[in-house]
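Note that the coordinates shown come from a computational prediction; the quantities given were computed from them, not determined experimentally.
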Amino acid sequence: MLHHHLLSSSASSFPPAAAQSLLLLPRPPAAILRALISMAASTSSSIPFRPPRAVLAAAVPSLGAEETAAAADEAFRRHTSPGLRRAVGAGGVAVVWFRSDLRVLDNEALARAWAASGVVLPVYCVDPRALAGATHRFGFPKTGALRAQFLIECLGDLKRNLQKRGLDLLVRHGKPEDILPAIAKAVSAHTVYAHKETCSEELLVERLVRRGLEQVVLPQGQGGASGRNNRPLSPKLQLVWGATMYHTDDLPFPVSNLPDVYTQFRKAVESKSSVRSCGKLPPSLGPAPGSGLDELGGWGSIPTLESLGLSVTKAEKGMRFVGGESAALGRVHEYFWKNDQVKVYKETRNGMLGPDYSTKFSPWLASGSLSPRYVCEEVKRYEKQQVANDSTYWVLFELIWRDYFRFLSAKYGNSIFHLGGPRKVASKWSQDEALFESWKDGRTGYPLIDANMKELLATGFMSNRGRQIVCSFLVRDMGIDWRMGAEWFETCLLDYDPASNYGNWTYGAAGPLTGVGNDPREDRYFSIPKQAKTYDPDGKYVAYWLPELRSLAKERRNFPGASYIKQVVPLKFDGGHQRKDQQFNRQTRPKNIYRRQK
């Protein structure tokens with residue numbers, strides 16, 4: 001199954017807040033009511049009735065600003081230790097290079113930098129390759145506007161949380177390999193600390209940064225002293241592991257021997273490894289550098305969507321995720337403690353409509369605004385204080401999936417991006433532009449597919465169940481190159497990270513015709529009719545995203561026939577009978593290759 005978005009509550013339509021607000025208005029006098037009714041009757045033939053506009057997207061978390069701040073403060077309080085001291089002999093300046101770890105709580109790179117120095121300088125590089133570049137093969141935008149907005153909110157919250165603890169966030173626009181050596185030289189930093197990544201683009205940047213730092217010569221007596229024979233030193237790049245629940249050093253095998261089947265991996269780590277506790281914080285992480293910043297032009301500014309050449313339309317449907325560590329901690333508090341939803345997670349996790357059918361932690365996990373170890377600690381705390389059951393365990397089960405894909409990317413490298421996947425299986429795929437566009441835009445003629453794709457476009461999110469269904473449809477029923485779907489998800493998803501996204505797509509594309517992933521089962525075909533009847537029996541989900549279906553009887557919404565647009569392809573399996581055309585009529589499709597439209 002597509003586990004990438006971790007844990008996506010009881011499925012329900014969003015509350016009609018606009019309608020509720022109408023109920024709170026003072027009731028007009030009877031005479032005015034009679035006049036309004038008479039006016040409506042006289043004009044009803046020429047002016048059709050217009051229902052109220054849809055309510056704006058539901059915020060996740062739904063807590064107010066004060067409640068969110070209180071939840072975050074309480075989490076920080078539990079993880080602050082007044083007795084923490086810097087290491088003996090610590091001094092000089094350490095730079096913390098924030099990447100996909102936009103948090104203060106349980107940030108090992110930040111903790112190590114504080115312990116090993118007298119002054120800490122946090123830095124974030126707005127890399128144009130990530131924010132303005134294109135995906136590798138099909139040229140979609142590397143980062144869509146919705147994820148860019150989420151990132152901007154994450155950076156703003158990170159800056160505020162650092163300021164509360166005696167630091168600040170230096171923001172620079174450009175490539176890290178250009179920016180970090182210049183910063184290290186300006187402040188005479190002895191070390192740049194950062195979290196280690198596993199995929200090729202990120203690993204290349206790490207190598208380039210290390211090479212750039214080696215060209216910097218620190219002045220004698222600065223940067224933590226000079227080397228042997230009084231030789232000057234260059235700043236070091238110290239990479240720290242911190243993206244997973246289980247630490248890579250605690251696995252019961254080297255990553256090169258990682259099992260190729262998830263269940264084997266899970267059983268091994270559950271029986272032989274343990275999850276480390278979240279690191280403790282000192283009351284203050286300061287001071288920040290007192291010199292060198294003028295040379296750098298000050299603290300810089302967090303980008304805006306406009307400065308990135310992007311824009312978003314305020315969503316009127318679905319969910320709007322609030323970026324930042326504070327919102328992440330607020331969501332954990334809301335889901336676990338305020339709404340008490342975690343105890344039924346396993347029963348509700350396959351929902352598709354509403355904020356609370358699953359945890360919705362994935363966007364914050366992907367940006368590093370939320371530590372997976374913190375989620376694990378909260379599960380254990382909930383189990384101790386409330387109840388331990390299959391649902392509480394299943395949250396950890398999904399986090400182990402997330403770990404597995406991260407370690408898998410370290411084992412297999414770039415093969416997770418290749419057409420044949422880690423198994424190097426040769427298969428024929430279509431790259432039909434028209435078919436792919438119909439999938440991407442939600443115009444396939446299958447309401448369940450179209451509704452999910454429209455939700456992705458509008459919100460940057462899609463349920464776990466939805467991801468499995470649209471992946472299977474693209475690969476199995478359309479016969480389209482799975483990499484096209486993976487790159488489109490890379491553009492759109494708030495919770496995109498390369499290991500989870502591409503790991504999930506290779507997994508979802510596994511089967512006798514494809515065989516690119518690590519799924520031991522023979523075929524991962526998801527029957528659209530079966531999925532619709534099981535997970536959207538009343539058509540609430542498809543009617544929510546496809547208003548033209550609302551007037552149909554509930555049982556017809558997923559099977560509208562001529563009342564909906566024409567289906568672009570037949571299903572591979574129809575009513576349980578395998579279609580003779582196993583190859584999806586590929587020979588009749590245009591051979592044109594999809595290219596990004598200019």
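Heavy-atom neighbours of Lys175 NZ from other residues, nucleotides or ligands within 6.0 Å: at or below the threshold of 12. Crowding of Asp249 atom CG: a count of heavy atoms from other residues, nucleotides or ligands under 6.0 Å exceeding 12. By the neighbour-count criterion of 12 heavy atoms within 6.0 Å, atom NZ of Lys236 is sparsely surrounded, having that number or fewer from other residues, nucleotides or ligands.
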Could you go through Asn161 and Ser326, starting from their C-alpha distance and side-chain angles, then the distance that decides it, and tell me whether this counts as side chain to side chain contact (heavy atoms under 4.5 Å, CB included)? CA-CA 8 Å; Asn161 282 339; Ser326 298; 3.6 Å; yes

Can you list the steps and then say if Phe417 with Ser200 is a side chain to side chain contact (heavy atoms under 4.5 Å, CB included)? CA-CA 10 Å; Phe417 305 111; Ser200 56; 4.3 Å; yes

Stepwise side chain to side chain contact (heavy atoms under 4.5 Å, CB included) test for Trp299 and Val171: CA-CA 6 Å; Trp299 289 102; Val171 179; over 6 Å; no

Is there a salt bridge (Lys or Arg N to Asp or Glu O under 4.0 Å) between Glu67 and Lys338 once you walk through the steps? CA-CA 11 Å; Glu67 196 173 359; Lys338 182 178 181 180; 3.1 Å; yes

Please test Leu285 against Val120 for side chain to side chain contact (heavy atoms under 4.5 Å, CB included), starting from the C-alpha separation and ending with a verdict. CA-CA 8 Å; Leu285 292 163; Val120 176; over 6 Å; no

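Ion pairing between Glu270 and Arg266 holds under the 4.0 Å rule for side-chain N and carboxylate O. Between Asp106 and Arg373 a salt bridge is recorded (basic side-chain N to carboxylate O distance below 4.0 Å). With respect to the salt-bridge test (charged N to carboxylate O, under 4.0 angstrom), the residues Lys185 and Glu295 do not qualify. Arg137 and Glu487 are not joined by a salt bridge, as no carboxylate oxygen comes within less than 4.0 angstrom of a charged side-chain nitrogen. Ionic pairing of Arg78 and Glu74 is present here: one or more N-O contacts between side-chain nitrogen and carboxylate oxygen are shorter than 4.0 angstrom. Using a cut-off of 4.0 Å between Lys/Arg side-chain N and Asp/Glu carboxylate O, Arg381 and Glu378 are scored as salt-bridged. Arg129 and Glu177 are joined by a salt bridge, as a carboxylate oxygen and a charged side-chain nitrogen come within less than 4.0 angstrom of each other.
The heavy-atom pair separating Val96 from Ala113 by the smallest distance is CG2-CB, 3.4 Å. Shown here for Glu197 and Glu202, the closest heavy-atom pair between the two residues is CB-CB, 3.5 Å. Residues Ala186 and Leu296 come closest through the heavy atom pair CB-CD2, 3.7 Å. The two atoms that bring Lys280 and Ser81 nearest to each other are CB-CB, 4.0 Å, heavy atoms only. Looking at every heavy atom in both residues, Pro181 comes nearest to Pro176 through CD-O, 3.7 Å. In terms of heavy atoms, Pro422 sits closest to Ile416 at CG-CG2, 4.3 Å.
Within the 4.5 Å cutoff, side-chain heavy atoms of Met462 are placed close to those of Phe489. For the pair Val93/Ser188, no side-chain contact is recorded, criterion being any heavy-atom separation below 4.5 Å from C-beta on. Looking only at side-chain heavy atoms (C-beta outward), Tyr193 and Thr191 come within less than 4.5 Å of each other. Within the 4.5 Å cutoff, side-chain heavy atoms of Arg86 are placed close to those of Trp114. A heavy-atom distance below 4.5 Å is not found between the side chains of Arg172 and Asp178. Looking only at side-chain heavy atoms (C-beta outward), Leu102 and Leu151 come within less than 4.5 Å of each other. Residues Pro82 and Leu84 have side chains not in contact (no heavy-atom distance under 4.5 Å, counting atoms from C-beta outward). Side-chain contact check for Trp488 versus Leu457: some heavy-atom pair is nearer than 4.5 Å.
Under the side-chain contact (heavy atoms from CB on, under 4.5 Å) rule, Glu334 has a single partner from Thr68, Asn339, Leu329, which is Asn339. With Tyr404 as reference, Phe265 is the one residue of Tyr412, Phe265, Tyr507 to meet the ring pair (Phe, Tyr, Trp, His ring centres under 6.0 Å) rule. For the side-chain contact (heavy atoms from CB on, under 4.5 Å) test with Thr143, the passing option among Thr491, Leu131, Leu310 is Leu131; the others fail.
Judged by distance alone, with hydrogens and angles left aside, the side-chain atoms of His195 form no donor-acceptor pair with the main-chain N or O of Asn107 at under 3.5 Å. Under a 3.5 Å cut-off, the side chain of Arg147 and the backbone N or O of Lys142 do form a donor-acceptor pair. For the pair Trp364 (side chain) and Val322 (backbone), a donor-acceptor distance under 3.5 Å is present. A donor-acceptor contact shorter than 3.5 Å links the side chain of Arg331 to the backbone of Thr359. The backbone N or O of Val255 lies less than 3.5 Å from no partner atom in the side chain of Lys411, so there is not a single donor-acceptor pair.
Rounding to the nearest 0.5 angstrom, the gap separating the NZ atom in Lys380 from the CG atom in Leu396 is 5.5 Å. The structure places CH2 of Trp505 at 12.5 Å from CD of Glu490, a figure rounded to the nearest 0.5 Å. A distance of 7.5 Å separates CG of Asn504 from CH2 of Trp401, quoted to the nearest 0.5 Å. Of the inter-residue distances, the one linking Ser371 atom OG with Glu377 atom CD reads 8.0 Å to the nearest 0.5 angstrom. Leu204 contributes atom CG, which lies 8.5 Å from atom CD of Glu201 (distance to the nearest 0.5 angstrom). Taken to the nearest 0.5 Å, the CZ atom of Phe405 stands 6.5 Å off from the OG1 atom of Thr506.
Aromatic ring orientation, Phe436 versus Phe140: parallel (interplanar angle below 30°, classes split at 30° and 60°).
Using modelled atom types, one finds a donor on one side chain and an acceptor on the other under 3.5 Å when comparing Ser409 with Thr198. Between the side chains of Glu108 and His247, no donor N or O sits under 3.5 Å from an acceptor N or O. Judged by distance alone, the side chains of Glu306 and Ser311 never bring a donor and an acceptor atom under 3.5 Å apart. Between the side chains of Tyr502 and Asn414, no donor-acceptor pair of N or O atoms lies under 3.5 Å.
Aromatic rings of Phe150 and Phe321 (six-membered ring for Trp) have centroids beyond the 6.0 Å cut-off, not under it.
Scanning for salt bridge (Lys or Arg N to Asp or Glu O under 4.0 Å) contacts around Glu325 gives an empty result, with sequence neighbours left out.
For residues 160-171, the set of pairs meeting the salt bridge (Lys or Arg N to Asp or Glu O under 4.0 Å) definition, not counting sequence neighbours, comprises Asp157-Arg160, Lys159-Asp168. Counting only residues at least two apart or in different chains, side chain to side chain donor-acceptor pair (under 3.5 Å) contacts with residues 209-219 are absent.
The side-chain tip of Arg99 points at the ring of Trp97 from less than 6.0 angstrom away and within 45° of straight on. Cation-pi geometry between Arg103 and Tyr374 is not satisfied (NZ or CZ under 6.0 Å from the ring centre, within 45° of the ring normal). For Lys196 and Trp241, the positive end is not near the middle of the six-membered ring at less than 6.0 Å and at most 45° from its axis.
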